[in-house]
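Quick notes on the structure that follows.
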Protein chains: 2
Amino acid sequence: MRTALARKGVRLTRQRRVLLDIMDQAEQHLTADSILERAQKIDPRVHRVTVYRTLEMLKSHGLLDELDLLHIHGHRHYYESHGPRDHIHVACLRCGKVREFESQLYEELKKQISLDCDLEITITRTEVGGLCADCRK
Amino acid sequence: MRTALARKGVRLTRQRRVLLDIMDQAEQHLTADSILERAQKIDPRVHRVTVYRTLEMLKSHGLLDELDLLHIHGHRHYYESHGPRDHIHVACLRCGKVREFESQLYEELKKQISLDCDLEITITRTEVGGLCADCRK
DNA sequence: TTAAGTGCAAATATTTTGCTGTCAC
DNA sequence: GTGACAGCAAAATATTTGCACTTAA
């Protein structure tokens, strides 16, 4: 993400370095709160407000996706860095497990939307909820 | 929605009657706040808490969908009654216009997810954002 | 040097909860 | 009659803003 930001002329501060590393290395979806927590373990001087402002900045540059995972766990938001390919979030509403899913069909659907609605697509978000095999037993 | 609720043994109160009518007749996506506003025009005794509790109840019965429309306008949520068919919300990030889109491809995608992830799907939500033709000019 | 970025405190927005009284069935 | 529901006040949660100070480029 660093190089992408540098190209856009965004200043790389100490705080942003910490936050970018966290987002790049995240192995799961993080909330603003858990991002702050991780950041403060690395550098206690990172402020909560800076987390919000940085997330907002990354979102506006399309480097970060914001999810709410169908509000399984209340109304908080989750963040993940925007990888090269879009994926769908598939969640079990009972156990809360979330899985990522990619599909050629999804790519085609987006193409269809873009053509039919005459829209130049910049963000997409698909979240699917239901009962997983284990929870149906 | 009334008959659907009666079948489930949910009590029909004065307040719920008002709220159900509003949701049934809504020609657009409403926020909790605008639902309250409309309700109080009909019956000023409807309380904000009741709006939240009723929305929650309708959601849990699958009669209502909750959207956030990609947070175009901050972090509020939008509600719409769940029609017979799923649709995708397509929004322009500049002018804020939201359009609904149905597609056979979407139905196939859901089928694929259900099979591949072994998930019994109960909710789906797809939101697509970009620049519409007018805003690209 | 200087404009962009940060920290702090406080405000704002949104939703939830405990408790008591009320009403649909 | 009674258990589900509503109203109220207050708490909890989540996010944003104004302003003065700091720092990357």
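Chain A is the first sequence line, chain B the second, and so forth, proteins listed ahead of strands; every chain is numbered from 1.
The stretch residues 22-34 of chain B comes close to DNA chain C through A32(B), each having a heavy atom under 4.0 Å from the strand. The stretch residues 38-67 of chain A touches DNA chain C through R45(A), V46(A), H47(A), V49(A), T50(A), R53(A), each having a heavy atom within less than 4.0 Å of the strand.
A salt bridge does not link D24(B) to R2(B): none of the charged nitrogens lies less than 4.0 Å from a carboxylate oxygen. Under the 4.0 Å criterion applied to side-chain N and carboxylate O atoms, E56(A) and R53(A) are not assigned as salt-bridge partners. Comment: D86(A) engages K110(A) in a salt bridge, judged by a side-chain N to carboxylate O separation of less than 4.0 angstrom. Between D134(B) and K97(B), at least one side-chain N (NZ, or NE/NH1/NH2) sits under 4.0 Å from a carboxylate O, which counts as a salt bridge. Between R38(A) and E27(A), at least one side-chain nitrogen of the basic residue sits less than 4.0 Å from a carboxylate oxygen of the acidic one, meeting the salt-bridge criterion.
Taking atom CZ of residue R16(A) and atom C1' of nucleotide dA24(D), one finds them 10 Å apart after rounding to whole Å.
Residues passing the side chain to side chain donor-acceptor pair (under 3.5 Å) test with S114(B), sequence neighbours excluded: none. For the ring-ring contact (aromatic ring centres under 6.0 Å, His included) test, no residue two or more places apart in sequence or in another chain qualifies with H61(B).
Between the axis at the start and the axis at the end of the helix from dT1(C)-dA25(D) to dC25(C)-dG1(D) there is an angle of 50°, using five pairs per end and rounding to 10 degrees.
With S34(B) contributing its side chain and L30(B) its backbone, the two residues share no donor-acceptor pair below 3.5 Å. The main-chain N or O of R125(B) is never found under 3.5 Å from a side-chain atom of R125(A) such that the two would form a donor-acceptor pair.
In this structure, Q15(A) does not reach the dT22(D) phosphate: none of its side-chain N or O atoms is under 4.0 Å from OP1 or OP2.
Both Y106(B) and V90(B) are members of a single hydrophobic cluster when ILVMFWY side chains are connected at heavy-atom separations under 4.5 Å.
Between L12(B) and R76(B), it is R76(B) whose nearest contact on DNA chain C lies nearer the 5' terminus.
Nucleotides of DNA chain C with any atom under 4.0 Å from a heavy atom of chain A span, from 5' to 3', dA3(C) to dT16(C).
Between the side chains of H47(A) and Q40(A), not a single donor N or O lies within less than 3.5 Å of an accepting N or O. E127(B) and H71(B) form no side-chain donor-acceptor contact under 3.5 Å, judged by distance and modelled atom types alone. Judged purely by distance below 3.5 Å, without hydrogens or angles, the side chains of T31(B) and Y79(B) never pair a donor atom with an acceptor atom.
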